[in-house]
Structures are given as structure tokens and as C-alpha cells.
Amino acid sequence: MFARVRLLLIMLITALPAMASNLQASRNGDFSHYTLALAWQPGFCKLSQSCQMPLNSDGALGLLGLWPSLPASLQEQGVNDESWRLKSCFYFSHSVDDPQLSEEVRARLARAIPKLLDDDLISSVFVKHAQCFGFAGNDYFAKALQLRQSVLDSAFGSYLNSKQGSMVDPAAVRLAFTQAFGAASGAALSLRCQRDAQQRNVLTSLEIQISAQRLNAFPAEASLWHPGGAEASDTCYGAIWIAN
């Protein structure tokens, strides 16, 4: 029996490093929520000549980042959400150093992040959205990868995959999201589209708002943040083409 208990303890301890801990901002932490930004890569790269799907991609939903919302200190100075989205960490004194990443996290990112030929997305995301909060690069991207995986593994991720190559109603996409994450979750989702040469409304990305205090609880319904309704920032009008 002792041998079995010892084996279980060893398995638990071994598994711990793979678990991404909750992010804790060491500075500028007076923000309410994060935006988990995910690219629908077949559409995202279809509309950009500088974009390629990652080699050995592990899913059509690619990671674009995990973006903290506008800190209250900047809001008090008159900065609005739109300006924050454009500048983010550039409002603060900050470093432009590349994030320090383990080989494991770097390899996982290589399969999850769209490859931009004119930009290093890993470095640019970290510099713009993470470093001014004092996040360690490895912790930040490990958590973002974990959250993305939760969406990939969900019924919503399965729904998107099943609709590749189809035109769908945005209401149907939102319904699939609420069925996967809870009746009150729909207002935490924003759908982003662009028109292609055929004038189709192409899904390029989606954004999910998550409470900063309940990040570790995602994808539980209570972890989602929707006081203002993220759907107000939708850019998908009419039927959506889910490219394959």
C-alpha cells in the first residue's frame, strides 16, 4: 500500500510543473479582466499575405495573446479603452526585451501562434501586453496556452472545427459558446471578421473576456467577465464564413 501511495505522490509532484499557475501582476495590477485573443487561423492568414499557419499546427484556433484590460490608474487620467487597446504597455516605462521562455513553452508556442513574416508575434505580444505588469514571460505564455487549450478541448472548439468551410449565422456561433460555457457567458465573447475578395464575412479571430480574479477557474461560467458586453465590439455582420 505504501508503494502505491508513494507512486501517486511521485505522479502528482511530476505533474505540477506542467500546470500553469495564476498570473499575478507585480505592478499596474489595478485592472478588472483579461482578453483571451484567439485567431481563427484559416481566415486570419487567408486575408494577410504576411501570415502563415504555424508548422505542425495543433489546431485552427491560434493564440494571439492574453491582454490585461485598462488599469484604473490610467482610466482616472482620461485614457479610454480604445486608446488602451492601441497602446497598452507603451503608456508605461517598459522594457522591449524578448521574453525568457523554456524550450517546452517555446515549442508549444511554435505550434499555436500564427507566423507573421514581418513580425515576431511572440515578442511583440509580450512587449505590448505583458511586460509592464511584471509577468515572467514563461508564466504569461504558459497560462495563455493553457487557456487556449481549454477552448480547443471544449464543445465550442469542436463546433468551430465542425463548421470549417461553412457559412454560419453569428447567433449560432454565440449559441454554441453559451451551450459550452454557460447561459450567461455569451456577453463575454466578441467575434471579429473581415471581408474577402468574394465579399464574404470571414471569421479572423475571437476574443473572450475573463475575470482577472478568476483566471484559474476558466472555463467555468463564473470566470467570464461581461459587465459591458464584449459582443458590442463584434465586427461580424451577417453570415460568417468559417474558412478551412
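Taken from OG in Ser57 to CZ in Arg111, the straight-line distance is 9.5 Å, to the nearest 0.5 Å.
Ser205 places no side-chain N or O within 3.5 Å of a backbone atom of Arg192 that could act as its donor or acceptor partner. Between the side chain of Asn138 and the backbone N or O of Ser102 there is at least one donor-acceptor pair closer than 3.5 Å. Between the side chain of Gln131 and the backbone N or O of Gly137 there is no donor-acceptor pair closer than 3.5 Å.
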**Request:** Given salt bridge (charged side-chain N to carboxylate O under 4.0 Å, His left out), test Arg174 with Asp234 step by step and report yes or no.
**Result:** CA-CA 11 Å; Arg174 195 169 295 281; Asp234 280 4; 2.7 Å; yes
**Request:** Go through the steps to decide whether Lys115 and Asp120 satisfy the test salt bridge (charged side-chain N to carboxylate O under 4.0 Å, His left out), and finish with yes or no.
**Result:** CA-CA 8 Å; Lys115 183 179 180 181; Asp120 179 352; over 6 Å; no
**Asked** Stepwise, does the salt bridge (charged side-chain N to carboxylate O under 4.0 Å, His left out) test hold for Glu82 with Lys87?
**Response** CA-CA 9 Å; Glu82 182 178 358; Lys87 293 183 62 176; over 6 Å; no
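For the residue pair Ser83/Asn80, the side-chain donor-acceptor check at 3.5 Å is satisfied.
Between Phe92 and Phe133, the ring planes lie perpendicular to each other; the angle is over 60°, past the 30° to 60° tilted range. Ring orientation note: the planes of Phe181 and Phe177 are tilted relative to one another, at an angle of 30° to 60°. The aromatic rings of Trp67 and His129 lie parallel to each other, their planes meeting at an angle below 30°, with 60° marking the opposite boundary. Ring orientation note: the planes of Tyr140 and Phe135 are close to parallel, at an angle under 30° on the 30°/60° scale.
Leu160 pairs with exactly one of Leu38, Leu152, Leu61 by the side chain to side chain contact (heavy atoms under 4.5 Å, CB included) rule, that one being Leu61.
Here the closest heavy-atom approach between residue Cys193 and residue Asn201 is recorded as CB-OD1, 3.5 Å.
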